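Small disclaimer: the values here were computed from a predicted structure and weren't measured.
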Amino acid sequence: MSNEVLIIEDMKKLGLSEYEVKAYLKLLEEYPVNGYALSKNSRIPRSRIYEVLDSLKNKQMVFEEVEGKTTLYYPIDPKLLLNKLKNNFENILEHVDTYTKKVYSEQQKDNKLVVIKGRNKIIEFINILISDAKKRIAVSIWEEEINDLSKGLNEALSRGVMLKGIYFGKNNPYKEIVTHRRIERYLSEKSERYMTITIDGIHVVSGIISREEESQVTWTKDTGFVEMSEDYIVHDLMVNLYSKKLGEEERKEFETYADHIRKEYFGFTDEEFEKFK
């Protein structure tokens, strides 16, 4: 896809028609011109060009100057256009924010469990939550997912947001989170990637993230679920940090004991359990 096609599609997202975008872009290349010349340059039908120009004039993207019997058209400076669009959207967003907060009932939503499906949609939603984080983000996350959240996490850290949790992988990019011990053993036991993320002790997103479009997580602001998820992450964090501080022999003894507990809890046979080691 060419750059011209891409910019046309981007500008259409700003509420402009395709003809409006094409007319404005052609005016940037050559101005002032009359309607006939612009129609020819932009390949906009002559029957539509003046309708398009009138619309652009109403949006203050194009200005006209009459010279005798000829009307010439000028584009607004792109920098001024961007400032205008930013101001317009800021005003719109402020209005939407004020109105929606007024009508939105927090109490009706706090105990709801919302299912989000599809890996891309899940990542997009988590990035939205991260962008609004103010105090603390806690994660139990795999290498594949943290790469898709790193931009938002880096921005949160730069705002002073605390990052804590457990990382499942070999290339941990954050000193703030702890790499899960004995990762090879963990990988041999698990066939799915699970993820839990809490934001400011208010939101929790938790579920399976390894099934691409079949991935599914639950988002909730329910206090009980949030606290339970926080406890899960901090418990895993404590166990991993405790294991790391032990001497070699003490660590072997501790991990053997922990393995025994997992074996008994999940009911693994001796043959199944040996495959995990």
Side-chain angles (χ1 to χ4, degrees), residues 97 100-101 104-169 171-181 183 186-187 189-190 192-212 214-244 258 262 265:
D97 181 55
T100 53
K101 281 181 178 177
Y104 180 63
S105 174
E106 291 285 350
Q107 291 186 353
Q108 292 181 10
K109 297 292 182 180
D110 279 353
N111 62 349
K112 299 296 184 183
L113 303 179
V114 179
V115 174
I116 304 171
K117 297 182 179 180
R119 186 181 182 280
N120 291 339
K121 291 181 180 178
I122 293 168
I123 294 296
E124 181 181 1
F125 181 73
I126 293 173
N127 272 318
I128 291 173
L129 294 182
I130 289 173
S131 70
D132 194 46
K134 295 175 177 61
K135 296 180 179 178
R136 180 164 55 87
I137 300 171
V139 301
S140 178
I141 194 168
W142 292 76
E143 183 172 356
E144 290 85 344
E145 281 62 58
I146 207 163
N147 290 334
D148 293 324
L149 301 175
S150 60
K151 183 177 183 293
L153 289 174
N154 291 339
E155 291 174 353
L157 287 170
S158 69
R159 297 195 304 270
V161 176
M162 182 187 301
L163 176 63
K164 296 291 183 182
I166 292 292
Y167 174 81
F168 295 93
N171 302 295
N172 187 347
Y174 294 100
K175 61 181 177 57
E176 292 86 357
I177 56 179
V178 175
T179 300
H180 198 287
R181 72 198 195 287
I183 188 64
Y186 197 91
L187 288 171
E189 180 182 326
K190 299 297 181 182
E192 301 274 13
R193 296 195 310 276
Y194 296 83
M195 178 175 65
T196 298
I197 295 180
T198 70
I199 309 289
D200 289 337
I202 298 173
H203 304 270
V204 60
V205 177
S206 184
I208 295 176
I209 193 68
S210 56
R211 299 177 182 174
E212 295 302 329
E214 297 301 316
S215 298
Q216 179 173 305
V217 299
T218 299
W219 163 56
T220 186
K221 296 168 67 177
D222 180 82
T223 303
F225 276 89
V226 174
E227 291 183 356
M228 182 173 62
S229 300
E230 294 267 24
D231 284 345
Y232 159 72
I233 294 173
V234 74
H235 179 268
D236 212 4
L237 186 60
M238 288 189 296
V239 170
N240 278 273
L241 289 174
Y242 178 73
S243 175
K244 287 185 176 183
R262 288 188 67 82
Y265 182 85

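Among residues two or more places apart in sequence or in another chain, the salt bridge (charged side-chain N to carboxylate O under 4.0 Å, His left out) test is passed with Lys117 by none. With sequence neighbours excluded, the residues that form a side-chain hydrogen bond (donor to acceptor under 3.5 Å, both in side chains) with Ser243 are Glu255. Judged as a side-chain contact (heavy atoms from CB on, under 4.5 Å), and not counting sequence neighbours, the contacts of Thr196 are Ser140, Val204, Ser206, Ser229, Tyr232, Ile233. Residues meeting the salt bridge (charged side-chain N to carboxylate O under 4.0 Å, His left out) test with Glu155, sequence neighbours left out: Lys151. The salt bridge (charged side-chain N to carboxylate O under 4.0 Å, His left out) check on Asp148 picks up Arg119, with sequence neighbours excluded. Residues meeting the side-chain hydrogen bond (donor to acceptor under 3.5 Å, both in side chains) test with Asn172, sequence neighbours left out: Thr179. When the salt bridge (charged side-chain N to carboxylate O under 4.0 Å, His left out) test is applied to Glu144, the partners found at least two apart in sequence or on another chain are Arg193. For His180, there are no side-chain hydrogen bond (donor to acceptor under 3.5 Å, both in side chains) partners two or more places apart in sequence or in a different chain. Leu237 is linked by a side-chain contact (heavy atoms from CB on, under 4.5 Å) to Ile166, Val178, Leu241, counting only residues two or more places apart in sequence or in another chain. Residues passing the side-chain hydrogen bond (donor to acceptor under 3.5 Å, both in side chains) test with Tyr167: none are found, sequence neighbours excluded.
Taken to the nearest 0.5 Å, the CD1 atom of Ile202 stands 13.5 Å off from the CG atom of Asp222. With rounding to the nearest 0.5 Å, the separation of CZ in Arg159 from CG in Asn154 is 11.0 Å. With rounding to the nearest 0.5 angstrom, the CD1 atom of Ile141 is 5.0 Å from the CG atom of Leu149. Considering CE of Met195 and OG of Ser210, their distance stands at 10.0 Å, rounded to 0.5 Å.
The shortest distance between side-chain heavy atoms of Val234 and Lys164 does not fall below 4.5 Å. Side-chain atoms of Ile146 and Ile177, non-hydrogen and from C-beta on, do get closer than 4.5 Å to each other.
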Kindly determine whether His203 and Asp132 satisfy side chain to side chain contact (heavy atoms under 4.5 Å, CB included), including the steps that lead there. CA-CA 11 Å; His203 304 270; Asp132 194 46; 5.6 Å; no
Please step through side chain to side chain contact (heavy atoms under 4.5 Å, CB included) for the pair Glu145 and Ile126, ending with a clear verdict. CA-CA 11 Å; Glu145 281 62 58; Ile126 293 173; over 6 Å; no
Audit row: Val217, Phe125, side chain to side chain contact (heavy atoms under 4.5 Å, CB included) steps and yes/no: CA-CA 11 Å; Val217 299; Phe125 181 73; over 6 Å; no
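Residue pairs satisfying the salt bridge (Lys or Arg N to Asp or Glu O under 4.0 Å) criterion with at least one member in residues 195-211, sequence neighbours excluded, are listed as follows: Glu192-Arg211. Counting only residues at least two apart or on different chains, the salt bridge (Lys or Arg N to Asp or Glu O under 4.0 Å) pairs with a member in residues 226-243 are Arg136-Glu230.
Environment of CZ in Phe225: sparse, with no more than 12 heavy atoms of neighbouring residues, nucleotides or ligands closer than 6.0 Å. The environment of Met162 atom CE is sparse: at most 12 non-hydrogen atoms of other residues, nucleotides or ligands sit within 6.0 angstrom.
Thr220 contributes a side-chain N or O that, together with a main-chain N or O of Lys112, makes up a donor-acceptor pair within less than 3.5 Å. The main-chain N or O of Tyr194 is found under 3.5 Å from a side-chain atom of Trp142 such that the two form a donor-acceptor pair.
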